[in-house]
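Worksheet for the structure shown next.
All chains are named by letter (A, B, ...) in the order of the sequence lines, taking the proteins before the strands, and each is independently numbered beginning at 1.
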Amino acid sequence: MTEEKGLNFIEDIVEEDLRNGKYTQIVTRFPPEPNGYLHIGHASSICLNFGLTEKYGGYTNLRFDDTNPVTEETEYVDSIKEDVKWLGFQWKHELYASDYFEALYQFAIDLIKKGLAYVDDSSSEEIAALKGTPTEPGRNSPYRDRTVQENLDLFESMKKGAFKDGSKTLRAKIDMAHINMLMRDPVLYRIKHAHHHRTGNEWCIYPMYDFAHGQSDSIENVTHSLCTLEFVPHRELYDWLIEKLEIFPSKQYEFARRNLTYTITSKRKLLQLVNENHVDGWDDPRMTTISGMRRRGFTPESIRDFCTRIGIAKRENLVDMSLLEYCVREHLNKIAIRRMAVLDPVKLIITNYPAGQTEEVFSENNPEAENNGGTRPVVFSGELWIEREDFMETPAKKWFRLAPGALVRLKSAYIVKCDDFIKDDEGNITAIQCSYIPESKSGNDVSGIRAKGTIHWVSVAHAAEAEVRLYDRLFTVENPAAEEGDFTSYINPNSLQIVKKAYIETALKDAVEGEKFQFIRKGYFTPDTHSAPGKLVFNRTVTLKDTWAKESKK
RNA sequence: UGCCCGAUAGUAUAAUGGUAGUACGACAGUUUUUGGUACUGUUUGUCUUGGUUCGAAUCCAGGUCGGGCAACCA
């Protein structure tokens, strides 16, 4: 079978490497630093790395880039593993850069012996001062010409804890006039007397990213090391270290990180939202973290579909949130169970329905399911809750819901005609009076009447109650990170609207976390993580498309 | 005033010297007991100037614009 869709530039590289026999299988890795929760941008990277080995054979490792003990925590490790698994991917090996601390230490000694690294006593300010600028060369450190033996001894003392934080570093000896600033004798090791989440107090020197990442890739025989564009200048150093160390030549390739409108994808900024209590935690349903989207009701399938659709390239981008919403609607439409819930209730009284009478009507569970999903019984009565917005005292043009004198179908039940309505002293409508047409019962309608509109309802005497949380975009601007000033000043004050008491049909009473529902005509909903029987809480994942909302604005 | 990366409809992404496609969005229509879904149609694009070529989004040169690079972060 031939591939119809065009390949992205990384797939091109992989196919070329496979075709010319450079590799017989490929190895990739997903390498998060455990200093925060994963977000939609990581999902894209995960899909790329795991997707590549699923497609071309080989495997993908999960590797925690835990070389900075002060920012990293086990809580983050656990959440990252959960999120990757939830997205539906299985890593071959669970690995940690900290597993390689001893190996990396030996690499450093190797470099020193080759005369390619030295211990520098300069402070970080002094190092910066000698670094030069992008347009001026740097100057050599006074400690640059120490002998190999002296460097070996000093480095060993560093490891043994003889020196204070910041007093010494190990640096590569490359070229202080190099056009690439990262090649101007980059720091390889720094002293940090800090507790590490895995190695405890065993080490007091920690490798920098540049001395850990490529070597870890190499140790694991990673063939294609994929990272984001900001690491392009690091590639030269990545290759230099592998060459001088004479180890497996992993290759780094860079792609553009994905950005999404009306949100942020920066762990630092997400952490700020959490710390400053702008949101309810990392898994707040308004957050585009994996855990937030999971709690909001997104499915792994929809997120993976989204990542496939936005693709991978090297140019800057800002993807429309509407595409993500499309993907989740597309999946939920197929799997979500249809139920009726009234969020903003007003009473509808059927004056010609016998007082106290009830009857069961049957309503489809999911018309999009293969065999229709079957039906469930719903109790109908003469006193119902309907949505306040489904009635208009003075109907707009093209309005075909309830209005004085208008006919409307009550979903899965009867057609009713609005005869009158009642207002309180302040002019609020408190009840709508209708008469129903007995011959129009859903399923065997012999009335010959056609109602253009259909609305949902819940019987007053049989309704259960639930809290419903309606979410909107977290920011008021498309690209909060690019705006002037602090991004938190662009937070949407109406991003969460809580409906304390919504009326739901009885079939919804046993809803549990993980279940997906469509509240007919209102959107897709899922029980919140803190929802409990008797105290139900639903999160709105996304609204349905609403062409009437557009029409009514005309 | 150095080096590196990039530029294709509103957005994202294909076309790898040979018909500029696809998806989302927008707009219009058909179907509909969800103003949902489904289906149909319409709309809009190669940053710029030269060059090579029978032929350039693609190759070359210059320019413009956007992003990155001077952490003991990753």
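A:Arg329 comes within 4.0 angstrom of nothing in the nucleic acid, heavy atoms only. Contact annotation for A:Lys192: backbone-only contact, meaning every heavy-atom pair under 4.0 Å involves sugar-phosphate atoms and none involves a base. If you check every strand for non-hydrogen atoms under 4.0 Å, A:Ile415 touches nothing. Residue contacts shown for A:Glu33 are limited to sugar-phosphate atoms, with no base heavy atom under 4.0 Å away. Among the protein residues, A:Glu551 comes within range of no part of the nucleic acid, since none of its heavy atoms lies under 4.0 Å from any strand. Base contact: A:Arg401 has a heavy atom under 4.0 Å from a base atom. Within 4.0 Å (heavy atoms only), A:Ile312 reaches sugar-phosphate atoms of the nucleic acid but no base atom. Nucleic acid contact class of A:Thr547 (heavy atoms, under 4.0 Å, all strands): sugar-phosphate only. Base engagement by A:Pro367 is indicated by at least one non-hydrogen atom pair under 4.0 Å involving a base atom. Residue A:Gly443 is in base contact, counting any heavy-atom pair closer than 4.0 Å across all strands shown. At the heavy-atom level, A:Ser122 lies under 4.0 Å from base atoms of the strands shown. Looking at heavy-atom distances under 4.0 Å, A:His178 makes no contact with the nucleic acid at all. Using a 4.0 Å heavy-atom criterion, one finds that A:Leu544 contacts the bases of the nucleic acid, with or without backbone contacts as well. A:Asn180 comes within contact range of no nucleotide atom at all, as no heavy-atom separation falls under 4.0 Å.
Side chains of A:Ile504 and A:Trp385 form no contact here, defined as non-hydrogen atoms less than 4.5 Å apart. Contact annotation: the side chain of A:Val119 never approaches that of A:Thr169 to less than 4.5 Å [non-hydrogen atoms, C-beta and beyond]. Side-chain atoms of A:Arg521 and A:Ile455, non-hydrogen and from C-beta on, do get closer than 4.5 Å to each other. Contact check for A:Ile350 versus A:Phe380: side-chain heavy atoms found under the 4.5 Å cut-off.
The separation between A:Glu364 atom CD and B:rU32 atom P is 14 Å, rounded to whole Å. Between the CE atom of A:Met181 and the P atom of B:rC5 there is a distance of 18 Å, rounded to whole Å.
Distances shown here put every side-chain N or O of A:Lys314 at or beyond 4.0 Å from the OP1 or OP2 atom of B:rG67. For the OP1/OP2 pair of B:rC27 and a distance below 4.0 Å, the side-chain nitrogens and oxygens of A:Lys550 include at least one atom meeting the criterion. Phosphate contact (OP1/OP2 of B:rU11, side-chain N/O of A:Arg258, threshold under 4.0 Å): absent. When the side-chain nitrogen and oxygen atoms of A:Arg409 are compared with OP1 and OP2 of B:rU34, none of them lie within a distance under 4.0 Å. Contact annotation: A:Thr67 does not reach the phosphate of B:rC73 (side-chain N/O to OP1 or OP2, under 4.0 Å).
Taking the C1' atoms as reference points, B:rU22 lies 23 Å from B:rG29, given to the whole Å. The separation of B:rC60 from B:rA28, taken at their P atoms, amounts to 46 Å, rounded to a whole angstrom. Taking atom C1' on both B:rA70 and B:rU1, the two are 15 Å apart, rounded to the nearest angstrom.
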Within the sub-3.5 Å range, which N or O atoms of nucleotides 19-23 of chain B have a protein N or O partner, and how far apart are they?
residue : atom : partner  : partner atom : Å
B:rA23  : O2'  : A:Arg309 : NH1          : 2.7

- A:Glu389 and A:Lys522: salt bridge (charged side-chain N to carboxylate O under 4.0 Å, His left out), yes or no, with the steps? CA-CA 11 Å; A:Glu389 65 173 17; A:Lys522 296 310 292 180; 3.0 Å; yes
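Ion pairing between a basic and an acidic side chain is recognised when a charged N comes within 4.0 Å of a carboxylate O; A:Glu33 and A:Lys267 show no such pairing. Electrostatic pairing of A:Asp121 and A:Arg146 counts as a salt bridge here, judged by a charged N lying under 4.0 Å from a carboxylate O. For A:Arg409 and A:Asp445, the salt-bridge test passes: some basic side-chain N is under 4.0 Å from an acidic carboxylate O. Salt bridge status for A:Glu325 with A:Lys545: absent, with no side-chain N to carboxylate O gap under 4.0 Å.
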- Item | Dot-bracket pairing map - RNA chain B, Watson-Crick plus G-U, both contacts under 3.5 Å, | cross-strand | .((((((..((((....[..)))).(((((.......)))))....(((((..]....))))))))))).....
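At a cut-off of 3.5 angstrom, counting only N and O atoms as typed in the model, there is no donor on one side facing an acceptor on the other between the side-chain of A:Gln518 and the base of B:rG36. A donor N or O paired with an acceptor N or O is not found under 3.5 Å between the base of B:rG35 and the side-chain atoms of A:Arg521. Remark: the A:Ser442 side chain and the B:rU33 base include a donor-acceptor N/O pair separated by less than 3.5 Å.
Across A:Gln252, A:Arg29, A:His234, a single residue satisfies side chain to side chain donor-acceptor pair (under 3.5 Å) together with A:His213, and that is A:Arg29.
The distance from atom CD1 of A:Ile335 to atom OH of A:Tyr524, rounded to the nearest 0.5 Å, is 9.5 Å.
We find that the ring of A:Tyr209 and the base of B:rA74 do not stack by the test of centres under 5.5 angstrom and planes tilted less than 30°.
The main-chain N or O of A:Phe525 is never found under 3.5 Å from a side-chain atom of A:Arg540 such that the two would form a donor-acceptor pair.
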